Every structure is written in structure tokens, then in C-alpha cells.
Amino acid sequence: MRPFTFIAATDAADAVRLVAADSHAAFLGGGTNLVDHLKLGVAEPRALIDVTHATSARITGRPDGGLRIGAAVRNSDLAADRSVRERYPLLAQALLAGASGQLRNMATVGGNPLQRTRCVYFQDVSTPCNKRAPGSGCSALGGYTRYHAILGASEHCVATHPSDLAVALAVLDAEVRVLGAGGERTIAFADLLRLPGDEPDRDTTLAHGELVTAIDLPALPMARRSAYRKVRDRASYAFALVSVAAAVEVHGGRIDDVRIALGGVAHKPWRAHRAEAALRGADATEDGYRAAAEAELVDARPLDGLDGGNAFKVPLLTRTLVAVLRDLAGGPAEGGPR
């Protein structure tokens, strides 16, 4: 680990000023991702600006009936909040599915979605990685690919975003409040994270020195009927092989509205727009759920690999999505009588 300067920011504006003035400075919140990368030699900032007390650690109501979550709110506190558990259950479920209790007590809501999209090769500085060293190559291609992307990848990077919280926020159409040197702006959560394209080293659309100050949740009645399901290799402290976040509005056995996001399959949470379109106005049946999953995954591109590759993710994700929708919306199995 290289030596660095540590400064505790007095407020958000102070933090932005300090980081914007130094291209080698970085914000430090809970540190659950960044500190690991400091130890591994993946990240080597010259200065760390502590924002622990620079942003709000409160969860407050908004005039439109939604919630504002301060960036410094700990993941464990958000998961335990009564309003969140009652009105946005998928959010609490996603948080509790992530990491360990100790890490949830440290991780912040503002920092968790910004953790690096990564794989084992990104964290091994002895291997080529376009995300860590642009132009050096992608060691995952032809390597170990069990946890890698099947959607939205490029020849430059096939890593997946590991945040469970981010998948839930994608379903909720959250908005991110950001402060930068040029002032404050609001970003749709769907536009915060990016696919790798030709710039796999860029995980977000944030400019250097922009600080997330809060995340806004809209008043969304259908979110009360929502769920998050994560499939992983072990019961705890593991990234998702696949995950599904969904919210459904059903009346008389017909799906009026639905929102779905997928995790563990792309460089960012994957909003399943094709599946949503196939389900809206359709009868709530397992045949319909399966057809919607297949429509979403028609462009999936599984990878070969030394470990057998990740083609298993396509049927696994299909079964997981069907199970989540069946639990939320019900419906006859295989189109037959209930």
C-alpha cells in the first residue's frame, strides 16, 4: 500500500473542493471496497477524503410521499428502517442478502452502488485487465468465467457489478443527488452506472470530484408487492451468480404493471425492459413468466471458460425470475388450473 494523505472533510462542499482539485484524490465512505483495493495495490490514491460526516445519515420523507436516503446512511440501518421494510421490501431484502453483518454496518448507501464492477482478475495485479490497466487485455476471456456477464458485455470487459442494493434501486427508478464543482444535479439511477463498451475502466457517469449526497425513492405503491432473490454458491458473503428484483401490480389475475432488474449478469444492474413489456397486460401464468424471461435473454451471450463457462446462467436466471414472479403475482403452473 502506497502512503497517502488523509483528510476529514467538514461538509460536502469541502469534500468536493478537495477531490476536484487533485486528480489522484478519492472519496472514502465506509471503505468496504476501497480499503481492500488499497491493500491489493489496485487503487493507489495520493489523498483520501473522508466523507463519513460530510453527508446526511438520515432517512426522511419527501413531499411527493417518497423517501430521501442520505448518502451516509449505513446499509444495516436502511435495511432495518420500518418505512423501507413496509413500503420497499425488495430494498431491505437486497441489503440483507449482501456481504456480512459487519460489512453492512460499515457500508454506506451512497458508496455501495459505486463499488467497482470487478472480477478476480481485476483484483490480481499480476494479470492483464482492461479495467485496471486500459489496453492490457481481459484475462477473463478464456479464463474463469463462472461469475461473469452474459448480457451487455464487450470484448474489453466481461465483469459484473456486485451490488445487491443497486439491483433493487434500478427497479425503483431511484434518483441520485450529486454535488460537484459545478453545483448540484440529479441523475436517474438507470444512468449512474454504465456498460463497459470501449472504456471498461469507467464504471459510472460521474465526473471526478462529484459526490453522491443522497438517493431519492419515488412514492411507488406497487413496491409494497416486491421481492429480491439472490442465487449464490454459498449461503452468505458471496456475490450473486444471478439475482432478480421485481415489483408487480396485479388485479384479477392480470398483470397491470411490473418492474424487473437482474443482477450478476452484466456490468451494471440489467433492467429487463423486454420482459416487462411482455408481461404488462398479460395473464399471471408461469408460461407467461417463462416466455418473458426468454424474451429478455434472447441476446444473452454466455462465455466459455476454464471452469466450464457460464451458460448455466441462462436457465438459472429463467427459473429464478419465474419463481419470483410466481411468489409475487401467483398464477397457474404451466398454464394449467391452480
Side-chain angles (χ1 to χ4, degrees), residues 9-20 25-30 49 51-75 77-78 81 83-84 87-88 90-91 94-95 107-117 161 163-195 197 199 202-223 226 245 247 257 259-261 263 266-271 273 276:
T10 56
D11 55 29
D14 184 43
V16 168
R17 178 184 60 81
L18 290 167
V19 173
F27 297 117
L28 176 68
I49 310 304
V51 295
T52 305
H53 302 292
T55 58
S56 173
R58 298 179 59 209
I59 303 168
T60 56
R62 299 174 60 211
D64 67 355
L67 293 179
R68 173 161 295 169
I69 307 165
V73 171
R74 304 291 177 174
N75 283 9
D77 292 333
L78 184 62
D81 184 83
S83 293
V84 170
R87 298 170 56 191
Y88 309 95
L90 82 168
L91 198 58
L95 287 161
T108 61
V109 174
N112 180 272
L114 302 182
Q115 62 182 290
R116 296 304 306 267
T117 300
H161 196 278
S163 170
D164 299 289
L165 170 61
V167 184
L169 291 173
V171 162
L172 296 173
D173 286 338
E175 293 187 333
V176 183
R177 298 178 64 86
V178 173
L179 180 66
E184 191 173 40
R185 66 182 179 125
T186 300
I187 308 171
F189 188 81
D191 299 326
L192 176 66
L193 306 173
R194 59 184 303 278
L195 296 175
E199 296 180 285
R202 291 184 58 224
D203 289 345
T204 78
T205 57
L206 295 177
H208 179 74
E210 285 193 308
L211 175 67
V212 173
T213 58
I215 295 179
D216 288 344
L217 303 182
L220 190 65
M222 68 181 292
S226 65
D257 200 3
R259 299 184 183 188
I260 302 167
H267 197 264
K268 59 181 283 187
W270 187 267
R271 185 69 182 265
H273 292 295
E276 293 175 359

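No experiment lies behind these values; they were computed from the predicted model shown.
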One should read off an interatomic distance between F189 CZ and L217 CG, to the nearest 0.5 angstrom, of 10.5 Å
Heavy atoms of T213 and E184 approach each other most closely as OG1-OE2, 4.2 Å
For the residue pair H208 and V19, establish whether any side-chain heavy-atom pair is separated by less than 4.5 Å.
yes
Can you find a pair of side-chain heavy atoms, one from T55 and one from L179, that are under 4.5 Å apart?
no
Is there a side-chain contact between D203 and H267, using heavy atoms and a 4.5 Å cut-off? yes
Yes or no on side chain to side chain contact (heavy atoms under 4.5 Å, CB included) for N112 and D164, after CA distance, side-chain angles and deciding distance? CA-CA 9 Å; N112 180 272; D164 299 289; over 6 Å; no
Could you check whether any side-chain heavy atom of P113 comes within less than 4.5 Å of a side-chain heavy atom of L169, counting everything from C-beta outward?
yes
Do V212 and I187 make a side-chain contact, defined as non-hydrogen atoms from C-beta onward lying under 4.5 Å apart? no
Rounding to 0.5 Å, atoms OG1 (T117) and CZ (R194) come to a distance of 10.0 Å
Smallest heavy-atom separation, A9 atom then D14 atom, equals CA-OD2, 3.4 Å
Review point. Can you tell if the side chain of L67 reaches within under 4.5 Å of the side chain of S83, non-hydrogen atoms only?
Key: yes
Heavy-atom closest pair (A71 atom, T108 atom, distance to 0.1 Å) is O-CB, 3.3 Å
When every non-hydrogen atom of E276 is compared with those of R259, the smallest separation belongs to OE2-CA, 3.2 Å
Exercise. Step by step, work out the side chain to side chain contact (heavy atoms under 4.5 Å, CB included) result for R271 and D173.
Key: CA-CA 10 Å; R271 185 69 182 265; D173 286 338; 2.8 Å; yes
Margin query: Go through it in stages, so that I can follow the logic: the residues are V109 and N75, the test is side chain to side chain contact (heavy atoms under 4.5 Å, CB included), and I'd like the CA-CA distance, side-chain angles, deciding distance and then a yes or no.
Written below: CA-CA 6 Å; V109 174; N75 283 9; 3.9 Å; yes
Discussion item. Please check this pair: side chain of R68 against backbone of A214, looking for a donor-acceptor N/O pair closer than 3.5 Å.
Written reply: no
Nearest heavy-atom approach of R87 to A219 is NH2-CA, 4.4 Å
Would you find more than 12 non-hydrogen atoms of other residues, nucleotides or ligands less than 6.0 Å from H53 atom NE2? no
Fill in: Backbone of A190 reached by a side-chain donor or acceptor of K268 within 3.5 Å
yes
Original post:
Taking C-beta and beyond as the side chain, do I69 and L78 meet within less than 4.5 Å on heavy atoms?
Top reply: yes
### Query
Should we count CZ of R58 as having more than 12 external heavy atoms under 6.0 Å?
no
| query | Is there a donor-acceptor pair under 3.5 Å between the side chain of H161 and the backbone N or O of G263? | reply | no
Could you walk me through whether D81 and V73 pass the side chain to side chain contact (heavy atoms under 4.5 Å, CB included) check? CA-CA 11 Å; D81 184 83; V73 171; over 6 Å; no
